[in-house]
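What follows is one structure encoded as structure tokens, with my remarks underneath.
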Amino acid sequence: MTRKILLIEDNEQNRYLVTFLLNNRGHEVVEAPDGPTGIELAMKRAFDLILLDIQLPGMDGNAVAATLRGNPATAKIPIVAVTSFAMKGDREKALSSGCNGYIEKPIDSETFASEIEQYFGNLREEES
Ligand code: MN
């Protein structure tokens with residue numbers, strides 16, 4: 001089933017790779033290069049999932065997740081954090097900011113799409 005995914009990621013190469021991998025599975029991807037742009041898009045359109053880079057210039061991913069969780073329009077959309085931080089505590093920080101899951105870079109092209117698909121509909125199905 002085709003899903004609509006919002007990708008908030010500042011690195012152009014990462015955006016290209018993630019979009020390529022998810023398009024290959026038939027999913028639609030809308031890209032945002034920074035947090036404020038991503039939040040604006042998330043308020044305007046209905047997304048099935050948000051992929052969120054934690055390391056963003058300006059507003060970081062944890063702040064973006066907290067903002068999305070605090071708004072009724074986006075509070076229930078699954079958010080998966082994607083980060084190159086390998087430091088202890090980052091996972092907990094992302095989860096406590098409201099992310100539902102956490103994937104570490106570098107992205108494994110073989111398994112990435114399947115990992116993401118596990119998070120589809122976890123929250124939104126409850127509404128239907
Ligand atoms: Mn980044």
Side-chain angles (χ1 to χ4, degrees):
M1 187 186 174
T2 297
R3 305 289 187 145
K4 205 173 290 179
I5 299 162
L6 174 61
L7 170 62
I8 306 174
E9 160 71 75
D10 62 310
N11 184 285
E12 194 179 349
Q13 287 187 329
N14 287 337
R15 287 204 304 270
Y16 180 86
L17 175 63
V18 168
T19 298
F20 174 81
L21 292 171
L22 293 171
N23 282 168
N24 259 357
R25 303 280 275 231
H27 304 306
E28 183 188 339
V29 180
V30 175
E31 300 180 5
D34 56 62
T37 306
I39 290 166
E40 197 186 330
L41 285 166
M43 303 296 174
K44 281 188 197 160
R45 299 181 59 181
F47 289 97
D48 296 299
L49 184 128
I50 296 171
L51 273 175
L52 177 62
D53 181 25
I54 295 300
Q55 238 179 330
L56 293 167
M59 187 181 200
D60 78 3
N62 290 313
V64 174
T67 302
L68 293 169
R69 283 290 171 257
N71 189 304
T74 53
K76 290 190 170 184
I77 304 173
I79 302 173
V80 180
V82 185
T83 174
S84 52
F85 284 162
M87 289 161 62
K88 264 189 180 179
D90 284 332
R91 180 190 171 85
E92 287 69 23
K93 205 183 286 179
L95 296 178
S96 69
S97 300
C99 296
N100 302 87
Y102 179 96
I103 290 179
E104 274 183 22
K105 294 177 188 172
I107 286 163
D108 182 342
S109 301
E110 299 290 318
T111 59
F112 181 76
S114 301
E115 285 183 65
I116 297 306
E117 284 167 348
Q118 292 176 11
Y119 294 97
F120 286 153
N122 282 353
L123 296 166
R124 291 173 64 90
E125 271 171 16
E126 292 168 14
E127 297 165 14
S128 58

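For ligands, and for the atoms within them, numbers begin at 1 and follow the listed sequence.
- For the residue pair Ser114/Arg25, the side-chain donor-acceptor check at 3.5 Å is satisfied.
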Pair Tyr102-Ile54, side-chain contact (heavy atoms from CB on, under 4.5 Å): steps then yes or no: CA-CA 10 Å; Tyr102 179 96; Ile54 295 300; 5.5 Å; no

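- For the Mn ion (ligand 1), protein N, O or S atoms under 2.8 Å: 3 in total.
- Remark: the backbone N or O of Ala75 is not paired with any side-chain donor or acceptor of Asn71 at under 3.5 angstrom.
- When the side chain to side chain contact (heavy atoms under 4.5 Å, CB included) test is applied to Glu40, the partners found at least two apart in sequence or on another chain are Lys44.
- Of the possible donor and acceptor atoms, one in the side chain of Ser96 sits under 3.5 Å from a partner among the backbone N and O of Lys93.
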Test side-chain contact (heavy atoms from CB on, under 4.5 Å) applied to Ile79 and Arg69, step by step: CA-CA 9 Å; Ile79 302 173; Arg69 283 290 171 257; 3.5 Å; yes

